[in-house]
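Only heavy atoms go into these numbers, but all of them, side chains included; no hydrogens, no water, no symmetry mates. Keep in mind that this is a model prediction, so the values were computed, not measured.
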Amino acid sequence: MEPETLVRDHTIYACVMGSRAFGLATEGSDTDRRGVFLAPTPLFWRFEKPPTHVEGPAEEQFGWELERFCELALRANPNILECLHSPLVEYADDTGRELLALREAFLSRRAYETFTRYAHAQRRKLDADVRAHGAPRWKHAMHLLRLLTSARDLLRTGTLTIDVGDRREPLLAVKRGEVPWPEVEARMTRLAEEGEEAARRSPLPEEPDRRRVEDFLVRTRRASALQPDPYDEVVQGVVGGGRGVGER
């Protein structure tokens, strides 16, 4: 089965991410689409397994197979958790809605480590830009401030909020380069310190609810296994329309 077919026929959840989901879109902003597809269970019984992710078929579109998506979400991958909490949901079938109902099961204090690690990597890139060019890439600086704020608030409240709300204009001012870099640095440092403090008092559990997520995955795989094998029609077509044994 072609990867594009998996996305087209087996998507269970689709949303918009990036600046549009963050409430930071401006004229000319891209529309980044993300999704989750459920590969039919019989595909896993074959030597060639279905892909864990698919890029496309449209521009700025990316999708994960359900198991891989859940695995990354349990690890508190920032991009995956944000995808699961996008305010711009474009599609969700029954399985997709059940996945959304599990959002809290994926959240844990692990988010502090993963969000912080990602933030440190981005900060190093910004510092390298300043050393090389005298200024950072302001768009990246804006998104790092957004990420640090989101992580701090998640650890404080136990809720992951994607849209920046009334922080939109101050963040866009950073993107336009209207805020001096030392002031932006100070904001980043303060947010990182607040995030560290929030992690010590967070209402989030130490670990995600892996058993609950695994139960959902197993039930979903089992239900899919009871559906017709997607290769049956292909095989029957070849046998029925092909030549008999021994024919040339």
Side-chain angles (χ1 to χ4, degrees), residues 1-25 27-106 143 160 162-163 212-242:
M1 182 176 293
E2 293 297 322
E4 294 80 5
T5 303
L6 286 171
V7 174
R8 185 190 68 226
D9 296 343
H10 300 283
T11 289
I12 63 169
Y13 170 67
C15 67
V16 172
M17 281 304 302
S19 295
R20 297 193 183 280
F22 301 143
L24 293 169
E27 186 177 353
S29 291
D30 292 332
T31 299
D32 300 321
R33 287 186 163 85
R34 300 292 179 265
V36 182
F37 60 90
L38 174 63
T41 299
L43 296 185
F44 291 92
W45 301 339
R46 304 174 188 280
F47 288 124
E48 185 175 349
K49 308 302 180 186
T52 59
H53 59 271
V54 174
E55 187 170 355
E59 292 185 11
E60 309 298 336
Q61 182 180 5
F62 192 94
W64 296 268
E65 206 284 322
L66 177 61
E67 183 174 344
R68 179 59 172 168
F69 186 86
C70 290
E71 179 184 18
L72 292 173
L74 287 169
R75 295 180 188 175
N77 179 290
N79 291 326
I80 299 296
L81 291 181
E82 289 185 336
C83 177
L84 197 53
H85 289 77
S86 172
L88 302 179
V89 175
E90 292 192 316
Y91 174 77
D93 64 7
D94 289 343
T95 306
R97 285 189 288 273
E98 189 171 356
L99 174 64
L100 290 176
L102 283 172
R103 283 183 290 199
E104 292 184 0
F106 293 103
H143 281 298
L160 182 57
I162 303 301
D163 193 302
R212 185 179 168 197
V213 174
E214 188 170 55
D215 175 69
F216 159 69
L217 182 62
V218 170
R219 286 188 290 102
T220 302
R221 287 274 190 251
R222 184 178 292 119
S224 174
L226 298 176
Q227 301 299 314
D229 189 324
Y231 272 100
D232 280 350
E233 292 185 5
V234 175
V235 172
Q236 290 171 4
V238 171
V239 173

Listed by chain and number, what are the side-chain contact (heavy atoms from CB on, under 4.5 Å) partners of [X], not counting sequence neighbours?
X	value
Glu55	Phe62
Ala225	Thr41, Trp45
Glu48	none
Asp93	Ile12, Tyr91, Thr95

Hey, could you give me the [atom1]/[atom2] distance between [X] and [Y], rounded to the nearest 0.5 Å?
X	Y	atom1	atom2	result
Ser19	Asp30	OG	CG	8.5 Å
His85	Ile80	NE2	CD1	12.5 Å
Leu84	Asn79	CG	CG	12.5 Å
Leu88	Ile162	CG	CD1	10.0 Å
Leu6	His53	CG	NE2	12.5 Å

Mind jotting down which residue pairs meet the salt bridge (charged side-chain N to carboxylate O under 4.0 Å, His left out) criterion with at least one end in residues 62-71? Sequence neighbours excluded, please.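 Residue pairs passing salt bridge (charged side-chain N to carboxylate O under 4.0 Å, His left out), neighbours aside: Glu65-Arg221, Glu67-Arg221, Arg68-Glu71, Glu71-Arg75.
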Where at least one partner belongs to residues 7-19, residue pairs that pass salt bridge (charged side-chain N to carboxylate O under 4.0 Å, His left out), sequence neighbours excluded: none
Listed partners of [X] passing salt bridge (charged side-chain N to carboxylate O under 4.0 Å, His left out), at least two apart:
X	answer
Asp215	Arg219
Arg97	Asp94
Arg103	none
Glu90	Arg33

Testing the basics here: between [X] and [Y], what is the closest heavy-atom pair and its distance to 0.1 Å?
X	Y	result
Phe37	Pro51	CZ-O, 3.7 Å
Phe106	Cys70	CE2-O, 3.7 Å
Ala92	Leu100	CB-CD1, 4.3 Å
Gly96	Tyr13	CA-CB, 4.4 Å
Gly23	Asp163	CA-OD2, 3.9 Å
Val54	Pro3	CG2-CB, 3.8 Å

Would you check if Leu43 and Lys49 make a side-chain contact, meaning some heavy-atom pair closer than 4.5 Å? no
By ring pair (Phe, Tyr, Trp, His ring centres under 6.0 Å) - contacts of Phe69 (at least two apart): Trp64
Considering residues, nucleotides and ligands other than Glu214, do more than 12 of their heavy atoms fall under 6.0 Å from its CD? no
Check side chain to side chain donor-acceptor pair (under 3.5 Å) between Thr31 and all other residues, then give those that pass, not counting sequence neighbours. Arg20
Under the criterion side-chain contact (heavy atoms from CB on, under 4.5 Å), which of Glu60, Glu59, Gln61 is the partner of Asp32? Glu60
Give a yes or no answer on whether the side chain of Thr11 reaches the backbone of Val7 with a donor-acceptor pair at less than 3.5 Å.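 Yes, the answer is positive, given that a donor and an acceptor are paired below the 3.5 Å cut-off.
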